[in-house]
Structures are given as structure tokens and as C-alpha cells.
Novice: 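Sharing a structure here in C-alpha cells format.
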Amino acid sequence: MSNARSIHLSTSFVLSSGTVTLDLHQRKVLVIRCRNSNEVLLPKGRKNEGETLEAAAIRETYEETGYQAALLPLTVATLATRGEPIGSGLSSDTADTLHAHTEPVAVTQRSSGGAHKIIFWFAATADSTIVPDADTQQEGEDFEALWVSFQESQDKLTFDDDKAVAQYVIDAASSAHRDNASQAIQPGPLSLSFMSIDDLPQTTSTPY
């Protein structure tokens, strides 16, 4: 068992949140295209002071795409404790982890501008058939919101970690949708190898 530890003080890390937003009826996923780089990404951004990770994920998705998403409960395994109420007779760390929840489905990490960037990913849902709100992006942002098919998302997304997180959510949500949420599922593990921050490649461009 590895006992590796690391510390990042408040001046050296950034917390961000993003979503894999699905339209289950249309079988599409919401992505953004960076017009200045042509990179295709999942929507995400920095958490504000005092803001929850969940709220940051929904806010950033709205700001970058114009679509108002909502968290999508998925029945997937999580190490988060249930937090059973006192007097319920159940332990707060009950071993039954297969239940619908809106906890983060994944965490990715990268080096960005000399800081350790930690991104929490949430499953979300939105309606791809509506017209998105205009002028929601922040100054300096220039994104095009795109709805792509579940199958097409793996070819469209630029980065492997975005592809893996998107596929994880698509697989879980699709299975639950087909079964009408009547049977718990547990998707396979992400095919990612997380590295120490020291092992991350240093690039000349600043990753989004």
C-alpha cells in the first residue's frame, strides 16, 4: 500500500468543477469548442469563494454554454459516506454504495500555470432542443456550445481525460435509462493512470 503524501498550500492549487451534461432523450452530450485553439472540451471552471463544488459546476456550464443544466443522479459506486441521520440505526459509512447520488463521478488533476489544478466532475442533464441563453460567457471567453452524439463525443473531445470521464457518465446514464432506473449498475473503472504532479508533462501552452 502506498503511503505517498503531498501538500499544496492555498497559493499553489486551484479547485475547479465541471459537468458531463447529457440529453438522454436525444442521446447527446454538451461540449464546448474553444474558438481560439479549436480544442473541444467539457465545460468547467474555477470555484468561487464560498461556492459549493456542485454549484460551481452548474454555474460554469451555464456561463460557458448558455444552457441551464441540473445535476443528474447516477447509480454508481462511490466512496462517499451516506451520512445517515442520528437515530436511524444505520452507520454513516454503510457499505451499500450502489444508490443514486449526485456526488462527483471523477476527479482529474493537471499542472496549469504553475498551479496544481484539481477538477471535480459531475453528471448533469439539460435539454438540447432549446435555444441557449445569449451573452453568458465571461470576458475573454470565446466558446461555441455543441451537442454531439454519445458515439461522436469520443472523436470530438480533444483530451483523453475528458474522453474517459464523458464515457464513464454516458455508460452509466445510458444503462440506467434503458433499464428505467430499475436496476443498479456499476461501470468499470476509468482507464486513466493518475500521476504525481511532478510527473505531469510541462507544455509551452496553458491548458484550459
Side-chain angles (χ1 to χ4, degrees), residues 1-2 15-31 41-48 50-62 65 67-109 117-129 147-151 153-154 157 160-194:
M1 178 182 296
S2 173
L15 295 181
S16 294
S17 289
T19 68
V20 179
T21 296
L22 307 180
D23 183 332
L24 290 170
H25 297 290
Q26 301 296 323
R27 296 186 59 79
K28 292 182 177 180
V29 58
L30 180 61
V31 300
L41 317 158
L42 295 172
K44 64 182 177 300
R46 293 191 184 192
K47 183 183 84 66
N48 292 332
E51 187 178 33
T52 66
L53 293 167
E54 293 89 341
I58 295 301
R59 174 184 56 76
E60 285 289 344
T61 298
Y62 175 71
T65 70
Y67 288 94
Q68 186 62 62
L71 294 181
L72 175 65
L74 289 183
T75 305
V76 293
T78 177
L79 296 181
T81 55
R82 295 290 297 269
E84 300 293 350
I86 295 175
S88 66
L90 298 173
S91 169
S92 64
D93 57 352
T94 301
D96 176 20
T97 58
L98 280 178
H99 58 279
H101 61 81
T102 57
E103 290 295 310
V105 294
V107 173
T108 56
Q109 302 181 57
K117 188 171 186 177
I118 307 168
I119 308 166
F120 292 82
W121 295 102
F122 294 86
T125 182
D127 185 353
S128 66
T129 65
W147 286 96
V148 299
S149 70
F150 288 175
Q151 296 82 1
S153 64
Q154 293 300 293
L157 287 166
D160 288 342
D161 51 356
D162 279 6
K163 292 180 182 182
V165 175
Q167 192 62 55
Y168 183 76
V169 172
I170 288 169
D171 288 346
S174 297
S175 297
H177 188 62
R178 284 195 303 267
D179 298 339
N180 197 25
S182 63
Q183 183 177 5
I185 59 157
Q186 184 173 3
L190 289 172
S191 58
L192 292 175
S193 176
F194 293 105

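Here the structure is a predicted model, which is why all the values come from computation and not from measurement. Along the sequence shown, residues are numbered consecutively beginning with 1.
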Novice: Any chance you could measure Gln26, atom CD, to Thr129, atom OG1, to the nearest 0.5 Å?
Specialist: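 Rounded to the nearest 0.5 Å, the CD-OG1 separation comes out at 6.5 Å.
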
Novice: Indicate yes or no: at least one non-hydrogen side-chain atom of Leu157 is less than 4.5 angstrom from one of Leu42.
Specialist: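 Yes. Closest side-chain heavy atoms under 4.5 Å.
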
Novice: What pairs with Ser128 under side-chain hydrogen bond (donor to acceptor under 3.5 Å, both in side chains), at least two apart in sequence or on another chain?
Specialist: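 For Ser128, the residues satisfying side-chain hydrogen bond (donor to acceptor under 3.5 Å, both in side chains) (neighbours in sequence not counted) are Asp23.
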
Novice: The test is side chain to side chain contact (heavy atoms under 4.5 Å, CB included); show your working for Thr21 and Thr125 and say whether it passes.
Specialist: CA-CA 5 Å; Thr21 296; Thr125 182; 5.6 Å; no

Novice: Who are the side-chain hydrogen bond (donor to acceptor under 3.5 Å, both in side chains) partners of Glu51, not counting sequence neighbours?
Specialist: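 By the side-chain hydrogen bond (donor to acceptor under 3.5 Å, both in side chains) rule, Glu51 matches Arg59.
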
Novice: Quick check: closest heavy atoms across Pro43 and Thr65, and the distance to 0.1 Å?
Specialist: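 Heavy atoms only, the tightest pair is CB-CG2, 4.2 Å.
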
Novice: Side-chain contact, heavy-atom cut-off 4.5 Å: Leu71 with Ile58?
Specialist: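 Side chain of Leu71 against side chain of Ile58, heavy atoms only: contact under 4.5 Å found.
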
Novice: If the condition is side-chain contact (heavy atoms from CB on, under 4.5 Å), which residues does Phe120 pass it with, not counting sequence neighbours?
Specialist: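 Partners of Phe120 by the side-chain contact (heavy atoms from CB on, under 4.5 Å) criterion, ordered by chain and then number, come out as Leu15, Ser17, Leu53, Pro104, Val107, Ile118, Phe122.
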
Novice: Return the set of residues passing side-chain hydrogen bond (donor to acceptor under 3.5 Å, both in side chains) with Thr61 (not counting sequence neighbours), or none when no residue passes.
Specialist: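 For Thr61 the side-chain hydrogen bond (donor to acceptor under 3.5 Å, both in side chains) partners, ignoring immediate neighbours, are Thr19.
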
Novice: side-chain contact (heavy atoms from CB on, under 4.5 Å) with Glu103: which residues, sequence neighbours excluded?
Specialist: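 Glu103: side-chain contact (heavy atoms from CB on, under 4.5 Å) contacts with Thr78, Ala80, His101.
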
Novice: Begin from the C-alpha positions of Val165 and Thr108 and carry the test side chain to side chain contact (heavy atoms under 4.5 Å, CB included) through to its verdict.
Specialist: CA-CA 9 Å; Val165 175; Thr108 56; 4.1 Å; yes

Novice: Quick check: closest heavy atoms across Leu24 and Ala173, and the distance to 0.1 Å?
Specialist: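 Between these two residues, the closest heavy atoms are CD2-CB, 3.8 Å.
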
Novice: Quick one: are Arg27 and Ser149 in side-chain contact, heavy atoms under 4.5 Å?
Specialist: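 With C-beta onward as the side chain, the pair stays apart.
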
Novice: Are any non-hydrogen side-chain atoms of Ser153 and Val31 less than 4.5 angstrom apart?
Specialist: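 Sidechains of Val31 and Ser153: no contact.
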
Novice: Looking at every non-hydrogen atom in both residues, tell me the closest pair between Ala100 and Pro73 and how far apart they are.
Specialist: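 Taking Ala100 first and Pro73 second, the nearest heavy atoms are CB-CB, 4.2 Å.
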
Novice: Do Ser175 side-chain atoms and Ala172 backbone N/O form a donor-acceptor pair below 3.5 Å?
Specialist: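 Such a contact is absent between Ser175 side chain and Ala172 backbone.
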
Novice: So which atom in Tyr168 and which in Val105 form the shortest heavy-atom distance, rounded to 0.1 Å?
Specialist: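 Closest approach of Tyr168 to Val105, heavy atoms only: CE2-O, 3.7 Å.
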
Novice: Enter the distance from Asp127:CG to Leu30:CG here, rounded to the nearest 0.5 Å.
Specialist: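 The distance works out to 11.5 Å.
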
Novice: Arg46 versus Lys117: any side-chain heavy-atom pair under 4.5 Å?
Specialist: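 Not in contact.
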
Novice: Who are the side-chain hydrogen bond (donor to acceptor under 3.5 Å, both in side chains) partners of Gln154, not counting sequence neighbours?
Specialist: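 So Gln154 forms a side-chain hydrogen bond (donor to acceptor under 3.5 Å, both in side chains) with Gln167.
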
Novice: With a 4.5 Å cut-off on side-chain heavy atoms, are Trp147 and Tyr67 touching?
Specialist: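 Tyr67 vs Trp147: side chains touch.
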
